[in-house]
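Lettering of chains follows the sequences in order, A, B, ..., and the numbering in each one begins at 1.
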Amino acid sequence: MTDASGPGQLDYAQAVHLLAQLVPAGAVLSYGDVAELLGSGGPRQVGKAMATAEDGTPWWRVLRADGNIAEPLLLRAREHWEKEKLARPGKRVDIKNLRWNPTPKQWEAIDILRLSLGNPKMSELDDEL
DNA sequence: CTTTTGACAGCGT
DNA sequence: CACGCTGCCAAAA
């Protein structure tokens, strides 16, 4: 694919996957956080996107705001959580303390993602005016 | 066009 | 701390 240096028009789902891949081991984000970082959509949209994540995407680092995750995934997620010291066996993730805190450098990357996503369409703005 | 459905969030009980 | 209800957003039926 001709992805490359230039922010082509990025699909929402792709943006979500890419952002998820930026999250370092030992840190987590909630679905709502992802939506906010991307500046578009909502938690449910993110969830939908994550459902189509391919291998290589650390889906266990994106969870619900309460520090848990949808039941079908819980078992597998817990193994990763233990391995990354995100939660003690059988417990949920303390998202309050383990929430990803991006460095300025990482914020840059996030910004790029947001920009390549929301190709400024004035239509909405127009609507409000 | 209305209704249903999701890997959700927040608040009240 | 566990449950249940309501609110949200976009896509699919």
Side-chain angles (χ1 to χ4, degrees):
Chain A
M1 296 288 279
T2 67
D3 89 276
S5 33
Q9 301 141 35
L10 203 51
D11 191 0
Y12 188 74
Q14 303 210 47
V16 171
H17 298 161
L18 290 174
L19 180 48
Q21 287 167 25
L22 288 181
V23 181
V28 295
L29 283 181
S30 75
Y31 296 99
D33 291 337
V34 173
E36 240 178 84
L37 287 175
L38 291 179
S40 170
R44 317 208 63 142
Q45 266 40 67
V46 175
K48 188 91 169 183
M50 286 304 290
T52 69
E54 300 170 6
D55 294 340
T57 303
W59 52 268
W60 59 91
R61 292 181 197 145
V62 179
L63 17 145
R64 278 194 329 229
D66 64 358
N68 254 315
I69 197 164
E71 197 166 337
L73 303 166
L74 194 48
L75 272 290
R76 277 183 291 165
R78 277 177 176 158
E79 303 191 12
H80 289 286
W81 293 347
E82 264 191 68
K83 187 158 30 177
E84 295 186 10
K85 311 291 183 194
L86 286 170
R88 305 185 64 97
K91 289 304 222 172
R92 61 183 194 178
V93 176
D94 184 359
I95 191 169
K96 287 277 279 177
N97 282 310
L98 296 175
R99 194 185 303 273
W100 182 33
N101 190 356
T103 68
K105 193 72 174 178
Q106 295 175 316
W107 276 108
E108 260 183 63
I110 295 173
D111 260 353
I112 305 285
L113 273 180
R114 179 170 30 177
L115 292 177
S116 26
L117 181 52
N119 211 344
K121 298 191 172 167
M122 309 303 205
S123 37
E124 291 183 31
L125 204 47
D126 197 23
D127 199 30
E128 286 198 55
L129 299 173

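- Picking from B:dA9, C:dC9, B:dA7 the nucleotide with the shortest atom distance to the side chain of A:P43 gives B:dA9.
- Across every non-hydrogen atom of A:V16 and A:V46, the tightest pair is CG1-CG1, 4.0 Å.
- Here the side chain of A:W107 pairs a donor or acceptor atom with the backbone of A:P102 at under 3.5 angstrom.
- To the nearest 0.5 Å, atom CG of residue A:D111 and atom CG of residue A:L37 are 10.0 Å apart.
- Distance A:E54 CD to B:dA7 P: 17 Å, rounded to the nearest Å.
- Rounded to the nearest Å, the gap between the P atom of B:dA7 and that of C:dG7 is 22 Å.
- Heavy atoms of A:A51 sit under 4.0 angstrom from at least one base atom.
- Across all strands, A:G32 comes closer than 4.0 Å only to sugar-phosphate atoms, never to a base (heavy-atom distances).
- Among the atoms of the strands shown, base atoms are found under 4.0 Å from some heavy atom of A:R44.
- Among the nucleotides C:dA2, B:dA7, B:dA9, the one closest to any side-chain atom of A:M50 is B:dA7.
- Heavy-atom distances to DNA chain C give each of A:G42 and A:R92 a nearest nucleotide, and the one nearer the 5′ end belongs to A:R92.
- We find that CD of A:E36 is positioned 13 Å from C1' of C:dC8, with the value rounded to whole Å.
- Protein atom CG of A:D66 is 18 Å distant from nucleotide atom P of C:dC5, rounded to whole Å.
- Side-chain atoms of A:Q106 come within 3.5 Å of backbone atoms of A:T103 as a donor-acceptor pair (strictly under, hydrogens ignored).
- Taking atom CG of residue A:N68 and atom C1' of nucleotide C:dC3, one finds them 14 Å apart after rounding to whole Å.
- If you take CH2 of A:W59 and P of B:dC8, they are 13 Å apart, rounded to a whole angstrom.
- Per the geometry, CG belonging to A:L37 stands 18 Å off P belonging to B:dC8, to the nearest Å.
- Note: CD (A:E71) to P (B:dC8) measures 12 Å, nearest angstrom.
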Query - Working for side chain to side chain contact (heavy atoms under 4.5 Å, CB included), residues A:R76 and A:W59 - result: CA-CA 10 Å; A:R76 277 183 291 165; A:W59 52 268; 3.9 Å; yes
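- A straight line from CG of A:D33 to C1' of B:dA7 spans 15 Å, rounded to a whole angstrom.
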